[in-house]
Amino acid sequence: AQAEIGLIGLGVMGSNLALNIAEKGNTIAVFNRTAARTREFYEEAGDLKGQVVPCETIEEFVAAIRPPRPIIIMIQAGAAVDQQMDLLRPHLEANDIMIDAGNANFRDTMRRFDALKDSGLTFIGMGVSGGEEGARHGPSIMVGGTEESWKRVEKVLTSIAAKYNGDPCVAWLGENGAGHFVKTIHNGIEYADMQMIAEIYGILRDGLKMSAAEIGAVFGEWNRGRLESYLIEITEKVLAAADPITGKPMVDMILDKAGQKGTGKWSAIEAQNMGVPATGIEAAVAARSISAVKGEREAAEKILGLPDVPALQIADRAAFVKDLENALLAGKIGAYAQGFAVMSAASKEFGWNLPMPTIAKIWRAGCIIRSQFLDEITSAFTKAPDAANLIVTPAFAAMVKETDGALRRVVSTAALHGLPAPALASALGYFDSYRRARGTANVIQAQRDFFGAHGFDRVDGADSHHGPWGSGLNG
Ligand code: 6PG
């Protein structure tokens, strides 16, 4: 057995990951459900053929890998993964490791991990981010499983991961579902980032009546400032691209109906399960859902019309664009603060001991949300690993104070001119609620006590826990 590792599933992501592994000097055995694809992949491997062992049967594949065998499964998330594991399992030996590298729901990962517990085999749930390019040249990799199984794969994964100033963007984050949970929240944050960018685009397009190319130039400018990130960079590029068929801006020819495969929704659901607000992610998921009902929106515009508000008039366009930049930064702070708060709650809930500074670190390169900003989060959490929330760490508290005025102006301007900005508005609502020591839930508690005798705590700590609502029922 000469292969260091095996990989099943030679789709785009699997092929690219396999080539990346081979290119870094590791020998990899590969297997695909259809042998024709395996042969084709081997040909595509070109110069890297010497590092690839193409296998047409499972027996041959398993025999080609050095025990204990790490086997990456890179196929569509869901039931197909269980089926593949069932097919593989009878051929494996003690300590072999099945690695699911797809976008699995971490609850499935926990179940798969538990199912193998006493079998001698083990399971790694591994989040891989960075799309096709990342898989090929350096993704960010979030590993969940036993520490022992991590040690077996650490070297090869370190060799293929993206590097940020030389630091590999891969880490073992904890047992069982930890890696896939963190990847899910990565995607939830990705949804929020993308939605806030789209909202700013909408304000520029429908408020300032700017063309796609003009808006692209604004994002290009921002990518040289504090918002520097992969998502801003590609936004500039997509806004600059022309449709090969009509010659019009490509974005103007794309239907405003977004798809979603589940990770954003799972992030919001898990946040709700644990009682942690993740309003930026929720708003982003809801916005995709509203986008999907295009026909309903068309009908509604006919019935309701657009809001009867004055058109946006901006005297100082440069100042307004600066406000938009700062508003986006503030919104981003809100979404990341929430994402990290969800992970911190999950860490306790599932006993993972998730290392927050490490998570921020391995997101600095390779993944879709990679950015300069994540380096700032890394240093904030390195200095204060137990901070209750990112926005109360000194550096981020200062950033919130510096940018929330712009967020407030942008959200109110958008509202006054009927331009939807639900994710940006959610960040403002979050900041305004989180930073206010005396909120308004005393009224909620009084109402709950009134209609259901639910009781309340008093500000003076005194003993009466019911209000004088009458009929002697609650008093
Ligand atoms: C990544 C991406 C990648 C993908 C997801 C999200 O980190 O490389 O998040 O995993 O784009 O499938 O997809 P949806 O937008 O389709 O839910």
Side-chain angles (χ1 to χ4, degrees), residues 9 11-17 20 72-78 80-81 99-106 108-109 125-144 157 160-162 164 169-171 173 177 179-198 229-235 237-238 254-271 278 280-292 335-336 339 342-343 359-371 373-374 423:
V12 182
M13 289 296 284
S15 299
N16 282 353
L17 209 57
N20 185 1
I72 297 176
I73 300 173
M74 190 50 133
I75 60 178
Q76 199 186 353
V81 173
I99 305 171
D100 177 13
N103 270 329
N105 186 319
F106 83 104
D108 285 335
T109 303
M126 177 168 106
V128 178
S129 177
E132 298 171 22
E133 275 299 297
R136 179 65 185 84
H137 299 292
S140 169
I141 306 175
M142 296 144 253
V143 179
L157 295 182
I160 65 164
Y164 181 90
C169 293
V170 55
L173 300 175
H180 275 144
F181 186 86
V182 171
K183 174 65 195 335
T184 297
I185 300 303
H186 164 283
N187 281 24
I189 293 173
E190 169 187 306
Y191 273 52
D193 261 340
M194 292 166 73
Q195 173 62 23
M196 290 187 293
I197 289 173
S229 60
Y230 173 71
L231 283 171
I232 296 284
E233 178 194 328
I234 67 164
T235 306
K237 289 185 178 152
V238 300
I254 299 175
L255 202 59
D256 55 322
K257 243 177 117 169
Q260 48 178 319
K261 290 197 291 289
T263 46
K265 178 179 77 179
W266 301 336
S267 299
I269 291 172
E270 297 304 339
I281 299 171
E282 287 166 14
V285 174
R288 285 202 195 184
S289 302
I290 292 185
S291 85
Y336 283 68
V342 174
M343 290 191 288
I359 294 170
K361 244 180 160 159
I362 64 171
W363 286 353
R364 292 178 302 177
C367 64
I368 302 296
I369 64 171
R370 62 186 181 256
S371 63
F373 182 74
L374 275 159

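Each ligand, and each atom within it, is numbered from 1 in the order the structure gives.
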Query raised in the report: Within the side chain of R370, is there an N or O that forms a donor-acceptor pair under 3.5 Å with the backbone of G366?
Result: yes
Query - Contacts of F373 that satisfy ring pair (Phe, Tyr, Trp, His ring centres under 6.0 Å) - sequence neighbours left out - result: Y336, F396
Report task. State whether the side chain of H186 and the backbone N or O of H180 hold a donor-acceptor pair below 3.5 Å, judged by distance alone. Result -> no
Report task. Look only at the side chain of N16 and the backbone of A135, and say whether a donor-acceptor pair between them is shorter than 3.5 Å. Result -> no
**Report entry** Within the 4.0 Å heavy-atom sphere of ligand 1, strictly under, residues
**Finding:** N103, S129, G130, G131, K183, H186, N187, E190, Y191, Q260, K261, R288, I368
Query raised in the report: Just by distance, do the side chain of S129 and the backbone of S140 share a donor-acceptor pair under 3.5 Å?
Result: no
Report task. Output yes when a side-chain donor or acceptor of R364 lies under 3.5 Å from a complementary backbone atom of K361, and no otherwise. Result -> yes
